[in-house]
Each structure stands twice: as structure tokens, then as C-alpha cells.
Amino acid sequence: MELLFELTKEGRKGYRLPELDVPRVNLTEVIPEGYIRRELNLPELSELEVVRHFTKLSQLNYAIDTTMVPLGSCTMKYNPRINEELANMPEFLSVHPLTPEELVQGTLRVAYELKELLKELGGFADVSLQPAAGAQGEFLGLLLILAYHRDRGNDKKRKILIPDSAHGTNPASAAICGFDVVTVKSDENGELDWEDFMKKLGEDTAALMITNPNTLGIFERKVKRMAEELHKRDALLYMDGANFNALVGVARPGDWGVDVMHFNLHKTFSTPHGGGGPGSGPVGVSERLKPYLPVPQVEFDGKKYYLNWNIPKSVGKLLAFYGHFGMWLRALAYILSYGREIDKVAKYAVLNARYLRSLLKGVFNDPYSHVPCMHEFVLSATNLLKYNTNAMGVAKRLLDYGFYAPTVYFPLVVREALMIEPTETEDPDTLREFAEALKSIVKEAKENPDRLNKAPFRTPVRRIKEAEANRKPVLRYRGK
Ligand SMILES: *Cc1c(COP(=O)(O)O)cnc(C)c1O
């Protein structure tokens, strides 16, 4: 498709300004010559042309509104429209972050109520809503762990233990906070290897960072024992809560002894995501870490809602203002609309994953077939290597079938990984269609692997160089 800069036609306009009713001034009288930009080179188009351009662009997208997006670990569920309506209410949209508290009691109440509900759902002593994404929640969680050990004058706590199946943001966050990362193996059931964990756990361990269910979609059954062993050595337990969709309303990580966990509102609580945000990654903490939470915390004194800046041991502030309020509002509406039935989210998410996995039995290798999955599962396309194609081929060819691809080549502990998370919002017919598409792709792999290796054929852009936009970013249009 052409860019707006290529569609431009000289003199075409999408606006008409009212007649000038103030005296005309000579620009150079008010702005020094060197600062005046005389040529803007903006595209010149009519309003209709602009509308058509962006509408066409939006139609090229794969989106949850048009197709299933089975991206493992991302929880791409339907975003209920009612939440969008609420988030677009002018009463909330037009609030300035510096408005005095007494004029924004309703807005503060939204934040307070969401905080209280997340505390309840996670089993935590308190929650900070500030982090702008899961990864920033991890960063905050590790800052809290650092503050905890420093406050106790313990400078031996240098190491963070992280399983080899972890999301890349886990070791990255630990490294940014100055910790040394120690990798712990997974065992043959896909859980944390207990022996390896006990071997690596020591007086210098600051915390263990697990994900539960982990990125293989497998529940870490020994989570309570992990917390006990850590606490005996004054180490803490971080839980990556990206997979909370498998637990919400059913189990509470705080009850297992988890000291800190981030929620991904844009995963579990249906706020829209993809294309880089905005996200929201509130952090829940146990009593141990509560004194260090960032300022301000939203509180209620029985009469009014207010921002509490008086947290003496606080790690400080994470963002210029308070966090992504629009996401909070959507998440609150989502939680309230389920009410006490929110456990159905988790139960149907797990049921859907188990059903889809059963439909795909024998289609790919399933390295953990002896272990039940939770809300997602990881298959291995190694059975296609003998036909000279692979997981990437499957992912690209799926686009031609009208489905978004699963997460591929992650987690790193599974070769040729296809990580599939259907979420609870897909119906059984869609799951069957998706399974049929995969079966037919595997058939193609045997008969004509090039169909996979050269796919996609039906997308506006064919095979792209995956890392090029990152390695050689082109950020400026320079004409053809
Ligand atoms: C998505 C995800 C993260 C990071 O969360 P963002 O909100 O994308 O920053 C961390 N860990 C796991 C397991 C995830 O799936």
C-alpha cells in the first residue's frame, strides 16, 4: 500500500480555516529567522482520502476482532465493548492528573476499588497500580526485593534464581536491578527441578522468580514448599503473574507464600493489547514488602479517597504521574461484570486449552503429554524437520488460513516450540477450525514443504526479515 506521502496531491486540503480576524504579522518579527520552518512537506489530501487510507490499513491487520489470536503467554482474549465505552466517558477522559483530589473523588474511587479487588483476587497485603506493563511490574518487584534486603542491612543477597523456561523479561529485569541471574533447570515434568533449585538456593539468594502456571502451561505443584525454603533463608518469592488467567477466582498466589507478583491487566483482565501497548502491570505484595511500595498509594479514610505520599521507606515513583488509568477502568469494569463468577474465566480458559490439545493429539510432538496443561500448552514441530520445514513454516502458513500464529520458538526449553493459548473467549467451533487448519498444514508439509517455507501468500507483505526493523530502523520517509 502507498504511504500518505505518496498519495499526496499538491493543493488538496482536508480543512478550511476561518477568515483571519486578527492583524497579520510578519513571522520574522516574532521568531528569529533560523527557527522558522518554511517547508513542512506534509502530505496534502482530502479528509475522505485520509479516512480511506487508515481504514484500509486497519483491514490489513490480524486482530482479535477478526480472528483467533492463539499467541501463547499473551492471553489474547476478547475485549468487551462495554469497557471501551466506560473508558471513553468524558468524565474520566478529560481529568487532568494535577486536578485537586476533592474534585476527582470518582476517579480515585475507581483506582481504590481496583486495588482492593486485585488484593482480594491475588491474596496480597497491598497492591501498587503504577507499573505501565508487566515488565515494569517485574522491575518494581525486584526494586522492592532490593529495598527489603538493604533495609535489613543484608548485602549478601546478590542472586536471583530463575527457571530456564522463564520469559526473557525475568532475567532482564533482574539484571537491570543489578542482581546476578542464576538459571535453574526444568525437570521431566516441565516443573522447576527441585534438586537443582535446592543446590542453587543459598544465603546469597535474594529471591526466586517463578511463573505459575509456568510458560509450558504446567502448574508448579511445589510452589508452597519453594516459598518455605526461601523464607527459611530470608529470601523472597517473586511470581510472574502473566499467566494469572489460569488462576483468577480459583487460587490466590498470596496464599501460597508468594511475596510479590505482577498482574498484566492487558492479559487477564481483557484490556486491549498488541502493537506495543498501552499495558498495565499492577504489583501485589505480601506484608514483608508493603513498606517499600512506590508513592503515591491511593487510600480511603472512610470519607474520602486520597493519594498517600507518606510512605517513609518507599522506593519512590515509577512514572511521571500515576499509571494507565484507562486500563484500570477497563479492568475494574471487567472484574465487576463477572462478579463472583470470575472463576469461570480461569475454568473455561483451562478447558479450552485442554480441548484444543486433545484435538491436536498426534499432529505435532507433545514433549509433556504425560502432564495435564493449564490455560496453554507447548507443542514441538520437530516431526516436520524431516520434511525440511519447521515451526516457522507452520506459523507463516497459518496466516494464509486466516488465523494468527501461535507464539513460536518460546519457551526455549522446547525445540521448534509452538505455544498455543486459545483463551476462554473462543468457542469450540473456532477451536475445531483452528485444529483442522493445523492438520491440513502438516499434510502440506509432507507433500509440498515449500507451501510452508515460502508462506504467507495472501498477506500484503510476504516473508519479512524478522529483525531488520530493529537492527536497521528506518524512521523517516525520504521519498522514492
Ligand atoms: C507478557 C509476559 C511478560 C511481560 O509482560 P508485558 O506486559 O508484555 O511487559 C512477562 N512474563 C510473561 C510470562 C509474559 O507472558
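Treat the numbers as computed from the prediction; the structure is a model and nothing was measured. Ligands are counted one by one from 1 in listed order, and the atoms in each one are counted from 1 as well.
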Original post:
So His266 and His273, would you call those rings parallel, tilted or perpendicular, with 30° and 60° as cut-offs?
Top reply: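 Perpendicular.
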
Subject >> Geometric class of the Phe244/Phe269 ring pair [parallel <30°, tilted 30-60°, perpendicular >60°] >> reply: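 The rings of Phe269 and Phe244 sit tilted, inter-plane angle from 30° to 60°.
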
Original post:
Which residues pass the side chain to side chain contact (heavy atoms under 4.5 Å, CB included) test with Glu468, sequence neighbours left out?
Top reply: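 Residues passing side chain to side chain contact (heavy atoms under 4.5 Å, CB included) with Glu468: Lys465, Lys472.
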
Subject >> Qualifying residues under side chain to side chain contact (heavy atoms under 4.5 Å, CB included), relative to Ser314, sequence neighbours excluded >> reply: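 With neighbours one apart ignored, the set is Val295, Ile311.
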
Original post:
Residues in ring-ring contact (aromatic ring centres under 6.0 Å, His included) with Phe139, at least two apart?
Top reply: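 ring-ring contact (aromatic ring centres under 6.0 Å, His included) check on Phe139 returns nothing, list empty.
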
Original post:
In terms of side-chain geometry, is the basic nitrogen of Glu228 or Lys222 positioned less than 4.0 Å from the acidic oxygen of its partner?
Top reply: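 No, this pair does not count.
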
Could you go through ligand 1 and list every pair where one of its N or O atoms sits under 3.5 Å from a protein N or O, giving the atom names and the distance to one decimal?
unit_1: ligand 1; atom_1: 5 (O); unit_2: Asn264; atom_2: ND2; d: 3.1
unit_1: ligand 1; atom_1: 7 (O); unit_2: Gly134; atom_2: N; d: 2.8
unit_1: ligand 1; atom_1: 7 (O); unit_2: Asn264; atom_2: ND2; d: 3.1
unit_1: ligand 1; atom_1: 7 (O); unit_2: His266; atom_2: NE2; d: 2.6
unit_1: ligand 1; atom_1: 9 (O); unit_2: Gly134; atom_2: N; d: 3.3
unit_1: ligand 1; atom_1: 9 (O); unit_2: Ala135; atom_2: N; d: 2.8
unit_1: ligand 1; atom_1: 11 (N); unit_2: Asp240; atom_2: OD1; d: 3.4
unit_1: ligand 1; atom_1: 11 (N); unit_2: Asp240; atom_2: OD2; d: 2.6
unit_1: ligand 1; atom_1: 15 (O); unit_2: Ser73; atom_2: O; d: 2.9
unit_1: ligand 1; atom_1: 15 (O); unit_2: Ser73; atom_2: OG; d: 2.5
unit_1: ligand 1; atom_1: 15 (O); unit_2: Lys267; atom_2: NZ; d: 2.8

